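Because the structure is predicted, anything quoted here is derived from the model rather than measured.
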Amino acid sequence: MEEFEAVVEETVFRNEENGYSVLQVRVGRTRTSAVGVLPALGAGERLKIRGEWVDHSVYGRQIKVVSCEVIQPTTLDGIEKYLASGLVHGVGPATARQLVQHFGEQTLDVLAQEPERLTELSGIGPKRAAMIAESYREQVQQRDAMMFLQRYGVGPSLAVKIFKTYGERAQELIRQNPYRLIQDVTGVGFKTADRIAASLGIEKSSEYRLSAGVLYALEEAGASSGHTYLPRPTLLERAARLLDVAPEQLEGTIDALILSRSLVARELDTDEGTVVAVYLPAYYSAESEVARRLLELMSDMPSGGFEDVRDQIDQLERIEGIAFHSQQRLAIETAVRSGMAVITGGPGTGKTTIINCIIRLLSLEGEVALAAPTGRAAKRMTETTGVEAKTLHRLLEYGGEEGSFARGTDNPLEFDTLIVDEMSMVDIFLMRSLLRALLPGTRLIMVGDADQLPSVGAGNVLHDILESGVVPSVRLTEIFRQDERSMIVVNAHRINHGEMPSLNAKGSDFFFERREEPAEAAQTIAELCMRRIPSFLQVDPVKEIQVLAPAKKGECGVWALNALLQERFNPQRPGLHERKVGETTLRERDKVMQTRNNYQLEWKREGAFGWESGQGAFNGDMGFISHIDPQTRAVTVVFDDERIAVYEDEAVEDLELAYCVSVHKSQGSEFPVVVMPVVGGPPMLLTRNLFYTAVTRARQMVMLVGRRSVIHTMVRNANVSRRYSALCQRLREGI
C-alpha cells in the first residue's frame, strides 16, 4: 500500500448511489486514473490517497484507492477550480471567478460561516445564496463523515451507506452511540461498531455496549446457527465471550432488555428440564404464530370424505401397472384422509411415486398446487410429476420488501391442496408466510427428508412438527426405487444407519480416491472435475459437476477450492472483465451463488409469450456471470432458471463463487455428479447427517477424495448440533 498526493483534474465517472468514481488525477507530473469509492470531488482539489497501482486489462495502469483525505484548497486558483467543478449547485465557472475575486482566500470560510454575504455579489439574491450554502454544506458534511469513518477502519463503500442513513447527523449520532450502526446499517457488525466505540473512548462497561453485545449474540445465534432462542445461561456465556466481560455483569442488562421489550423471555419444558428461553421479539412472534396457525389449519379441516381411498389406490395400481408397498399405501391414505400430513423418507423410498399418486387422487376433488423452497427443487418436482411446481417465494408472490409477500391473510391462495417438497429447508419465517396465505380448509401435505441438515434460516420446522406428534405423519424406510443397485441410494441408507458405505464396487456409481494430504486432494479434485469425470460420463464439467465441501476454511475448504477451480476453469485473460469483491475476484463466465435473500433485486426472463419480470434472488440460487460492466462495475448473472439479474452497488457482495459450495448451501439441489473432499476438519462439521446430505445431492455419481479414516469418523459421528427451537413444545401446548 502506498500514499500519494494528487490533484483532481476531472471526474470521468461517478455513481451517486454508492460513490464509486473514476477520476483523472495528477500525481507529481504523471497524469493517471484513480478509481474507488470516494466523496464527490471537484477539479483542483488536493488529495492524500492510500492505494496501490494496478494494471487494468482495458484501461491500463491506474491507482486503486483504498482511502483518501481531502486537503482543502488554499490557493486562489485551487478554490476557483473546486467551485467551478459543478459540485456546488448554483455555482458555475463565472460565479466561481466572481466569488474568488470578491472574497479571496476567505471564500470557503464565507460559504461555511457567513453565507448571507453571498448577496454582496450582483446576481445572487437570498434564495440563490441559501441554495449555494446548503449544497456546499452537504458536500462538506459527506466528506467530513467519510473521513471521520475512515479513521476508524470503515471502508469507503460502507461509509457512503452510513452517511446515506444518517445524513448530516452522522458524526453526532455515531459519537453518541456507535452501536446503533448494527441495527441501522446493513453490513455493520458488532466488531466494526465496537472498534469505532473504542476509538471514541467509550468504556467497555458502557450500557450501550453491553446491550448491543447481548442483542448481537442472539442475532448471530439465529443467523449463523439457526436458533430461534437461547437458554438464558447460554446467552450469558456467548455474550460475555463476545464482550470480554464476566457473565454476571450482563444479568442486569438482559433484565433491562426484557423490561423494555427488546427481548422476550419464556419458560419452556424441555428434555433437560425447565429453561428460561430468551428470544428476539421477531423470532418469538414467528414461532408462536406458526404453531397457532398450524393448529388452526388442522382444526378447520373438513372431516369425512375419501372413504373409498383404498379402492381408488387399487384402481390406480391396475391402470399404472404398479404395486404399492404397504408403507407406501399408508402414506397415500394418510395424506388423502388427513387435512394435514407429513411424509418423510430418504432417497429411493418412493416419495415421488407417492406424490404422483396423491396428485391423481386429490385432483379429482379440487385444485392441487405444488411448491418447493428453491428453484432447483421446484424444477425437479415439475419434471418428476408433470405438474408445474413453483418456488414458495413465487407462489406467495414476493413483493420487494424483506418478508413481504402479496399473498397473505388479506389475499390468500385459492386452491384445495398444497404439496410442499424439501420441507427440511423451510425456516420459521417462510413457514409463517406460507401459513398466512392458506385459507381454512386447505389441505397441506409436507414432504421431506428429516435426516438431512436443517434449514439454513432459523428454526427446525420439519423436525419439530414430526417430534410433536401433533400432525399425522409417515416415515418411509424401505427402498422402493426400481434401480436398487444404485450404490448412491444404498450407501445413503448405510450412512444414515451408521454403517460404512461400500466404496469402489465393480459397476458402482460411488467412488473413493485415497489422498493423505489436503493439498494433494485439492489437486486431484481439480483434475477429476476438469478431465477425468467429464471424459468418463460425458458431462459438462462446470454445469453438471458440483464440488461440495464440509468446511469453508482449509486447503480443501470452499474458499480455497473455489480459487483453485476458478484458476483452472476460468483464469484471468484479456477481454474478460472482472470485479474484486472483498478477497474474491468475480470474473465473466464464473459460476456463482446468491448467499442471502435479496427481495429487491430485479430480474427479467424470456418466456413463451415475451419477457416477464419480477423481484427477488434467494439464498442458494446458482448461475453464471454473463457480463461485468467495466465502467459501472455492475455484474449481470444468468440463473439456472434463466432469470437475468443485474447486481449493482453493495448487492454484488451477496455473490460468491460456486465451483465449490458448502454442503449446507447445497440443500434442496440435485446434481448429476458430486465430488467431496474427506480430509478432516472440525468435529462439528464431520457429522453423519452432513455426509448423508452431501451424498443424497448426487444422481449419477459420488466421488470422495481424501482419507478413509475421515469417512469412518463422519459415519460414526451421529452428533447433531443442538438447534434451539420450541415449535414442538408450542404445538403440544396448543393441543
Side-chain angles (χ1 to χ4, degrees), residues 1-88 108 136 138-164 170-171 187 192 195-196 199 578-585 630-633 649-650 652-653:
M1 201 70 65
E2 298 181 56
E3 288 195 356
F4 311 90
E5 273 215 11
V7 178
V8 178
E9 294 195 339
E10 178 189 3
T11 298
V12 178
F13 170 81
R14 178 170 172 78
N15 184 327
E16 291 298 338
E17 287 299 310
N18 64 5
Y20 179 77
S21 304
V22 179
L23 306 178
Q24 280 294 319
V25 299
R26 192 173 67 255
V27 180
R29 294 184 178 182
T30 303
R31 193 170 188 266
T32 188
S33 297
V35 299
V37 178
L38 299 163
L41 297 165
E45 292 198 87
R46 290 172 59 231
L47 310 174
K48 278 187 180 177
I49 292 173
R50 285 186 71 248
E52 58 184 353
W53 288 103
V54 295
D55 291 308
H56 193 280
S57 58
V58 176
Y59 300 106
R61 194 161 171 78
Q62 58 189 19
I63 300 171
K64 183 178 178 183
V65 180
V66 174
S67 66
C68 81
E69 180 183 341
V70 181
I71 304 169
Q72 185 166 302
T74 54
T75 66
L76 296 180
D77 183 56
I79 294 170
E80 184 178 333
K81 279 185 177 178
Y82 163 58
L83 292 175
S85 67
L87 282 177
V88 180
L108 298 183
Y136 178 72
E138 285 180 1
Q139 292 295 331
V140 171
Q141 283 171 343
Q142 179 176 4
R143 187 174 300 172
D144 288 350
M146 290 189 70
M147 299 306 111
F148 164 75
L149 290 164
Q150 285 182 27
R151 283 200 299 272
Y152 302 113
V154 177
S157 182
L158 190 53
V160 170
K161 287 169 67 176
I162 292 170
F163 182 78
K164 285 184 174 293
Q171 287 195 56
T192 299
R195 185 173 62 246
I196 296 171
S199 301
E578 55 186 45
R579 174 173 177 174
K580 190 94 169 175
V581 181
E583 298 299 313
T584 302
T585 298
Q631 285 288 353
T632 66
R633 303 198 305 164
D649 308 331
E650 63 269 14
V652 182
E653 296 169 11

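- How far NZ of K64 is from CH2 of W53: 15.0 Å, rounded to the nearest 0.5 Å.
- Taken to the nearest 0.5 Å, the CD1 atom of I162 stands 8.5 Å off from the OG1 atom of T192.
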Please walk me through it: do V27 and I63 pass side chain to side chain contact (heavy atoms under 4.5 Å, CB included)?
CA-CA 10 Å; V27 180; I63 300 171; 4.0 Å; yes

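- At a threshold of 4.0 Å, the pair R46-E5 counts as salt-bridged, since one of the basic side-chain nitrogens sits closer than that to a carboxylate oxygen.
- With rounding to the nearest 0.5 angstrom, the CD1 atom of I79 is 4.5 Å from the CG atom of L108.
- Interatomic distance, Q24 CD to E9 CD, rounded to the nearest 0.5 Å: 7.0 Å.
- Note: F4 CZ to R26 CZ = 15.5 Å, rounded to the nearest 0.5 Å.
- Closest non-hydrogen pair, V35 versus Q62, comes out as CG2-NE2, 3.7 Å.
- Closest of all the heavy-atom pairs between R61 and T32 is O-OG1, 3.4 Å.
- Side-chain contact between L23 and V65 is absent, with no heavy-atom pair separated by less than 4.5 Å.
- Here the shortest heavy-atom pairing between F163 and E138 reads CZ-O, 4.3 Å.
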Take K48 and E3 through the test side chain to side chain contact (heavy atoms under 4.5 Å, CB included) and record every step on the way to the result.
CA-CA 7 Å; K48 278 187 180 177; E3 288 195 356; 5.8 Å; no

